[in-house]
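So you know, we letter chains A, B, ... as the sequences are listed, proteins then strands, and number each from 1.
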Amino acid sequence: MPELPEVETVARLIRPRLLGRRIVDARIDWPRTVGTMSPASFRKRIAGSPIDRVWRRGKYIVFDLGPRRCLVGHLRMTGRMQVREPGSEPSPYVKVSLALDDGSVFEFIDVRKFGRLILAEEPDEVFPKLGPEPLSDEFTAAWFRAALKRRSRALKPLLLDQSFLAGLGNIYVDEALHAARLHPLRHADRLTGKAADALHAAIRAILEEAIEREGSSFDTFYRTPEGQPGDYQHQFQVYGRTGKPCRRCEAPIRRLVVGQRGTHICARCQRSPRGRPSP
DNA sequence: AGCTACTCCTGGTAGC
DNA sequence: TGCTACCAGGAGTAGC
């Protein structure tokens, strides 16, 4: 599922194809994708809009479309965005198409239809409360230490909470916790400063490397807008490696369920909150 | 505050 | 081979 590195990759790859273009028309094949606005209204309002900027916040991609108009996209589970050349065949599972002034077409593709592409005046109308960007200067080790101290929740649900920290999802949370040798059920306020710093460093390092590798493509869904798979899945230490040996200690990777989410750990490297290896 | 349960979806796969 | 049942999960919401 697309998380911060995948979303950042999408933004980087579609940006040069969109900047300076103007949207001339829209086609909506699945009305829910554009939220509560009617397809007719969406089409009428977006036509003629210039694409001034393409940026990312957490897992959202935002298209600034002139004064007091923007398009806010979220890929959720299986969403993709791409810009196809004039005259080329439409992709399967396209939910929204935006015809651009050079003949190319922006496509929002989404097999499971969870993704959204919302037209609004300001992004804040669409964004829920979002925590800091993990790769920004705001996300310092000191801030993270203090923020963890204020929360009693288990690390896994806390790190998945976008209002705490924006951009992490199931994969990168599991990877970061393993890198920092922390069990997903450890409680945030019980971490030592050293452990909090290790987690902070792990989150940043993993996200940076994943972006460098254009994200992860562990199943048939995620592809970069150029149609290429990402490369970070080869770096996975725990995610999707149930039963395989931990690359650090050889113990088999275990899968558990935490907060309805599949969770992957090395029971030897990541000690349970009780201080014993997980059952 | 933070937990669980439920909802939205459908391709892939396990089991028969 | 062909069918059915179930799984994956981000995030919003409801209820406790």
Name all residues meeting the side chain to side chain contact (heavy atoms under 4.5 Å, CB included) criterion together with A198(A); count only those two or more places apart in sequence or in a different chain, and write none if there are none. A180(A)
So if I take every side-chain heavy atom of R151(A) and compare against dG2(B), dG10(C), dG11(B), which nucleotide ends up nearest? dG2(B)
Could you list the donor-acceptor pairs under 3.5 angstrom formed between side-chain atoms of residues 64-72 of chain A and any protein atom two or more places apart in sequence or on another chain?
residue, atom, partner, partner atom, Å
D64(A), OD1, W55(A), NE1, 3.0
D64(A), OD2, W55(A), NE1, 3.4
R68(A), NE, E121(A), OE1, 3.4
R68(A), NH1, E122(A), OE2, 3.3
R68(A), NH2, E121(A), OE1, 2.3
R69(A), NH1, R45(A), O, 2.9

Kindly say if H74(A) contacts the phosphate of dG10(C), meaning a side-chain N or O under 4.0 Å from OP1 or OP2. no
Any protein N or O atoms within reach of nucleotides 12-16 of chain C? Criterion: under 3.5 Å, listing atom names and distances.
residue, atom, partner, partner atom, Å
dG12(C), OP1, Y60(A), OH, 3.2

Note the angle between the end axes of the helix from dG2(B)-dC16(C) to dC16(B)-dG2(C), five pairs defining each, rounded to 10 degrees. 40°
Can you give the donor-acceptor pairs under 3.5 Å from side chains of residues 30-40 of chain A to other protein atoms, not counting sequence neighbours?
residue, atom, partner, partner atom, Å
T33(A), OG1, W30(A), O, 3.2
S38(A), OG, S41(A), N, 3.0

What integer distance in Å separates L75(A):CG from dA11(C):P? 10 Å
Calculate the interatomic distance between H187(A) atom NE2 and dC3(B) atom C1'; express it in whole Å. 12 Å
By side-chain hydrogen bond (donor to acceptor under 3.5 Å, both in side chains), Q162(A) pairs with (sequence neighbours left out) none
Qualifying residues under side chain to side chain contact (heavy atoms under 4.5 Å, CB included), relative to F139(A), sequence neighbours excluded: P134(A), S136(A), W143(A), F144(A), L165(A), H200(A), I203(A), R204(A)
Would you say R153(A) reaches dC3(B)'s phosphate, i.e. side-chain N/O to OP1/OP2 under 4.0 Å? yes
Can you find a side chain N or O atom of T78(A) that sits less than 4.0 Å from OP1 or OP2 on dG9(C)? no
In whole angstrom, what separates D110(A)'s CG from dG11(B)'s C1'? 13 Å
Report yes or no: do Y93(A) and T78(A) form a side-chain donor-acceptor pair below 3.5 Å? no
Please check the phosphate of dG10(C) (OP1 and OP2 only) for any side-chain N or O of K59(A) closer than 4.0 Å. no
Y93(A) OH to dG11(B) C1', in whole Å, measures 7 Å
List for me each residue that meets side chain to side chain contact (heavy atoms under 4.5 Å, CB included) alongside R151(A), sequence neighbours excluded, and say none if there are none. R153(A), L158(A), F164(A), A188(A)
Using a cut-off of less than 4.0 Å, is there contact between a side-chain N or O of Y172(A) and OP1 or OP2 of dG10(C)? no
Measure from CD on Q162(A) to C1' on dG9(C) and round the result to the nearest Å. 13 Å
Rounded to whole angstroms, how far apart are CD on Q260(A) and C1' on dC6(B)? 9 Å
Sequence neighbours excluded, which residues qualify as side chain to side chain contact (heavy atoms under 4.5 Å, CB included) partners of D124(A)? F127(A)
Among dA5(B), dC3(B), dC9(B), which nucleotide has an atom closest to any side-chain atom of R32(A)? dC9(B)
Ring centroids of F114(A) and dG10(C) base under 5.5 Å with planes under 30°: yes
Side-chain donor-acceptor pair under 3.5 Å between Q82(A) and R84(A), yes or no? no
Just call it for E3(A): base, sugar-phosphate, or nothing, with non-hydrogen atoms closer than 4.0 Å on any strand. nothing
Between E107(A) and S97(A): side-chain donor-acceptor atoms closer than 3.5 Å: no
Rounded interatomic separation in angstrom, taking CG from L256(A) and P from dA8(C): 13 Å
Let's see if you can work this out: which of dG9(C), dC3(B), dA11(C) has an atom nearest to the side-chain heavy atoms of R255(A)? dG9(C)
Starting from C1' on dA11(C), measure out to CG on L159(A) and report it in whole angstrom. 16 Å
